[in-house]
Amino acid sequence: MPHILAAEPAPLTIDPATTALVVIDMQRDFLEPGGFGESLGNDVSLLQAAVPPIRAVLTAARGAGLLVVHTREGHKPDLSDAPPAKLERGEPSARIGAPGPMGRILIRGEPGHGIVPALAPMRGEVVIDKPGKGAFYATDLGAVLAARRIATLLVCGVTTEVCVHTTIREGNDRGYRCVAVGDGCASYFPEFHRVGLAMIAAQGGIFGWVASSAAVIAALSGTS
Ligand code: TIU
């Protein structure tokens, strides 16, 4: 049954049968010290703010029977899926593939590549490994969504202005109605987070909508 979701710039109707929750890159490499995020010079503690709202939205999405998709950014151990332009940035000792306290940085199968325990995928949920910032690039996300006739994506995760933004832009161009769950996103730069969300909803929702986790939960539980 369709529900009304309060959002910016305007409310929209969502049908749980054709809506997916997409949780972007809530990995130890971005959220914990010693991973990729910290290797880039960031204060990784800033991303913790998104964890409780995502947990709450995950619970609501599971209860409403939504398709739940988790993504992980990372590369094959031989780095064959990582373009040199991505690898050559940063100090050599802290680049993608370098050893760190959570294993090789941003490499599939290493401890740092895993999703934080608080948001661990449940059995049956889709986990998409992506080599880029967008979740559609070089993945089978599009096929997964098409098989379920998904029309609307509720997108949360990190970081707001990098992988969340890229995924919403990709999804918008592919015809999906993309809703950023605002407090379920976070950035190492609070200003980028704020402006990143504003950019989505500006101009009449130029490439999507922005809703709060509370509004998403209310819509999914039928109380809005
Ligand atoms: N550095 C940064 O802000 N983000 C990334 O490198 N990847 C994601 O956003 N997942």
Side-chain angles (χ1 to χ4, degrees), residues 1-27 30-31 44-71 115-122 125-126 135 145 150-169 171-172 176-224:
M1 197 179 69
H3 303 281
I4 304 295
L5 171 60
E8 295 294 335
L12 70 162
T13 303
I14 58 168
D15 179 352
T18 58
T19 300
L21 175 65
V22 182
V23 184
I24 301 288
D25 300 355
M26 292 301 287
Q27 297 161 258
F30 294 106
L31 280 99
V44 294
S45 70
L46 287 161
L47 302 193
Q48 287 297 328
V51 174
I54 296 175
R55 246 180 103 95
V57 169
L58 262 174
T59 300
R62 287 165 177 158
L66 261 60
L67 173 68
V68 176
V69 177
H70 305 259
T71 71
I115 292 171
V116 295
L119 303 176
M122 283 178 53
E125 293 178 348
V126 177
L145 299 177
I150 296 297
T152 303
L153 306 180
L154 306 175
V155 186
C156 56
V158 296
T159 61
T160 314
E161 79 280 12
V162 183
C163 291
V164 171
H165 239 231
T166 306
T167 298
I168 288 178
R169 289 165 186 261
N172 176 67
Y176 295 97
R177 300 149 88 224
C178 297
V179 183
V181 183
D183 54 332
C185 300
S187 169
Y188 302 118
F189 302 87
E191 180 70 357
F192 292 176
H193 171 76
R194 188 182 66 73
V195 175
L197 295 177
M199 286 167 69
I200 295 168
Q203 305 183 68
I206 190 68
F207 57 93
W209 288 258
V210 178
S212 67
S213 61
V216 168
I217 292 163
L220 293 179
S221 59
T223 59
S224 65

Self-check item: Point-to-point distance, once rounded to the nearest 0.5 Å, from OG of S221 to NE2 of H3
Solution: 8.0 Å
Practice problem: Just do the side chain to side chain contact (heavy atoms under 4.5 Å, CB included) check on I4 and T13 with the steps written out, would you? | Solution: CA-CA 5 Å; I4 304 295; T13 303; 3.7 Å; yes
Quiz item: Can you tell which of I168, V22, L154 makes a side chain to side chain contact (heavy atoms under 4.5 Å, CB included) with V179?
Solution: L154
Practice problem: Ignoring hydrogens and angles, tell me if any N or O in the side chain of T71 forms a donor-acceptor pair with the backbone of D25 under 3.5 Å. | Solution: yes
Quiz item: Shortest non-hydrogen contact from A50 to A186?
Solution: CB-CB, 3.9 Å
Exercise. Can you see which heavy atom on I24 is nearest to which on C163, and at what distance?
Key: CG2-CB, 3.6 Å
Quiz item: Tell me, which pairs form a salt bridge (charged side-chain N to carboxylate O under 4.0 Å, His left out) where one or both residues lie in residues 3-16, sequence neighbours left out?
Solution: none
Quiz item: Would V69 and L153 satisfy side chain to side chain contact (heavy atoms under 4.5 Å, CB included), going step by step from the backbone distance to the final call?
Solution: CA-CA 10 Å; V69 177; L153 306 180; over 6 Å; no
Quiz item: Can you find a heavy atom in the side chain of E125 that is under 4.5 Å from one in the side chain of H70?
Solution: yes
Practice problem: To the nearest 0.5 Å, tell me how far C185 SG sits from E161 CD. | Solution: 10.5 Å
Quiz item: How about L67 and L145: do any of their side-chain heavy atoms sit closer than 4.5 Å?
Solution: yes
Quiz item: When you look at CZ of R55, are more than 12 heavy atoms from neighbouring residues, nucleotides or ligands closer to it than 6.0 Å?
Solution: no
Self-check item: Distance (rounded to the nearest 0.5 Å) between F189 CZ and L46 CG
Solution: 9.5 Å
Self-check item: Sub-4.5 Å side-chain heavy-atom contact between P121 and V68
Solution: no
Self-check item: Least distance between heavy atoms, A49 atom then P53 atom
Solution: O-CD, 3.2 Å
Self-check item: Rounded distance [0.5 Å steps], CE in M26 versus CD1 in I115
Solution: 9.5 Å
Quiz prompt | From R62 atom CZ to L21 atom CG, the distance as rounded to the nearest 0.5 Å | solution = 8.5 Å
Quiz item: Who passes side-chain contact (heavy atoms from CB on, under 4.5 Å) against Q48, sequence neighbours left out?
Solution: L31, V51
Quiz item: Using a distance-only test with no angle check, is there a side-chain donor-acceptor pair under 3.5 angstrom linking S187 and H193?
Solution: no
Quiz item: What's the verdict on side chain to side chain contact (heavy atoms under 4.5 Å, CB included) for T159 and Y188, showing C-alpha distance, side-chain angles and the deciding distance?
Solution: CA-CA 7 Å; T159 61; Y188 302 118; 3.8 Å; yes
Going by atom type alone, with no hydrogens or angles, which donor-acceptor pairs under 3.5 Å involve a side-chain atom of residues 195-218 and a protein atom two or more places apart or on another chain?
residue: W209; atom: NE1; partner: A10; partner atom: O; Å: 3.4
residue: S212; atom: OG; partner: A215; partner atom: N; Å: 3.0
residue: S213; atom: OG; partner: D183; partner atom: OD1; Å: 3.3
residue: S213; atom: OG; partner: D183; partner atom: OD2; Å: 2.6

Quiz item: If you round to the nearest 0.5 Å, how far is CG of L119 from CD1 of I54?
Solution: 5.5 Å
